[in-house]
Amino acid sequence: MKVDKPASENEKIEIRLLLQAVYEKYGYDFRDYQKASIKRRIMRRQSLSNVETISEMQHKLLYDKEFFETLLLDFSINVTEIFRDPSFYRTLREKVIPLLTDRPFLKIWHAGCATGEEVYSMAILLKEEGIFKKTRIYATDINQKVLETAREGIYPIAGLKQGTRNYKKAGGLESFTDYYTARYDRVLMDKSLRENIVFSDHNLATDSSFGEMDVVICRNVLIYFNRELQNRVFRLFRDSLVNGGFLCLGSKETVRICDCSGNFEDFAADEKIYRKESDQCSVISDQVTCRTK
Amino acid sequence: MQNKIKNKYKAIVMGMSSGGTGLLLKMLPLLPADFSLPIIIVIHVHPDSRNTLPPILDDKSGITVKQADDKERIEPAVAYIAPPGYHLMMEEDMTLSLSIDEPVKYSRPSIDVLFETAADACGKDLIGVIFTGANTDGSDGLRKIQNAGGLAIVQDPETAEADIMPRSAIAATKTYHVLTPEEIVQLLIDLAQEG
């Protein structure tokens, strides 16, 4: 006799099927995201949308592209702010930038840039340190709508006070007002900051290496990925960095959790800044092959 | 006092706000070093606050007390405290995960978020405890734990530094397990031994 599985078991199946549907229909792979967080976002959209079940949501997203776009936004919005975690930016300014100033040209990849506040923060920092002109920042995210917001550089004025505070704590040399104009309830980031920034869509779960970068910044994105996806992404970052390049993670993230941990040495471990070691050893699956220098 | 609660629990989740630090300093050292259940704690603190609480508690306690790390597997005789400014969640595979999603009821970490995800992960094998606090965070989460068949415990508001949180939790769950901190510790020790 068939016994009904408890409600939560059915829910787990429905969520798995919904994510599979998203992947097959639209090519976005959320199947290896941490489940608790993605479930919360699904349930939130469910209650806002007046659909009875998660299965109904799956049906809706297959046949109603606009609904899928809404859900995609739910999945990809990540909270960010100007100079978030100011101590990270201060360490970047004081310890990392001095090691990059003699390079003729710099490439920085900001992976998972969300609405862009931290990208503009980086641009401001580089400007004040005198190396913005020779830097190209590649700011990527999976969602076109989010990237559009980032490109525009228009933010609610509510975040300004905290942003100004963060800027100062991060070692800001000028006045933060130099970098934006305020109009009514919005703040528009200075156009000059956008000159050396390329906003482009890139999917960490499915796309490949982004080129020879001097710095890769990916903060508070990996916490949303499960271990397997994290490993894939760390390998992607390793392959995207030049030797001696810097990898910067969020304050509760670590490269030590991944298979290719050995490719990175601690640089400023407290601020989760790591440095790619020269390619003496590469790790493929469980096998480590080392070239003697 | 109450019917013998026969269940093999997998974890205990706790939530507290104002007055929580003092409470943890009083309660955690009372637990035996071989306490057989993991404890996961959300205590509301300022996001910029330095992470001094876990080491202090670890020093004073027989169990290990640490700040929760992303993707960490929960173990017996360890208490995990949510890092300031992050939501802490429990996954189905008994690991912990973090997020920086929007605050819930102005709180991040949110007690509701921990409790709700823990209820999903553990079902009826979960004990939820709400303590002193000045807002209603945790009431929805505790009710979800109860609805999933888990055990809902609330600190007696008369013994709480701030009684809004426990009163709200009692109203949300109508639980009979309204106890003093000392009674809660003893009950948890008894339940942990039964498994």
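Proteins get letters first, then strands, A, B, ... in listed order; numbering begins at 1 in each. What you are looking at is a predicted structure, and each value in this text was computed from that prediction instead of being measured.
Of all the heavy atoms in A:Lys252 and B:Gln67, the pair that sits closest is NZ-OE1, 2.8 Å.
Proximity to chain B (any heavy atom under 4.5 Å) is restricted, for A:Gln230, to the side chain, taken from C-beta onward. With a 4.5 Å cut-off on non-hydrogen atoms, A:Arg84 touches chain B through its side chain but not through its backbone. Within the 4.5 angstrom heavy-atom criterion, no atom of B:Ala119 approaches chain A.
The contact list for residues 10-33 of chain B toward chain A, using heavy atoms and a distance under 4.5 Å, is empty. For residues 133-147 of chain B, a heavy-atom distance under 4.5 Å to chain A picks out no residue at all. Scanning residues 36-52 of chain A against chain B with a 4.5 Å non-hydrogen threshold yields A:Ala36, A:Ser37, A:Lys39, A:Arg40, A:Arg41, sorted by number. Listed by sequence position, B:Val104, B:Arg108 are the residues of residues 103-112 of chain B in contact with chain A, using a 4.5 angstrom heavy-atom cutoff.
Side-chain atoms of B:Tyr86 and A:Ser251 include a donor-acceptor pair closer than 3.5 Å.
Checked by atom type and distance alone, the side chain of B:Lys71 never pairs as donor or acceptor with a backbone atom of A:Ile257 at under 3.5 Å.
Heavy-atom contacts from other residues, nucleotides or ligands closer than 6.0 Å to CZ of A:Arg186 number 12 or fewer.
Chosen from B:Thr117, B:Asp120, B:Ile100, B:Asp70, the residue pairing most often with chain A at heavy-atom distances under 4.5 Å is B:Ile100.
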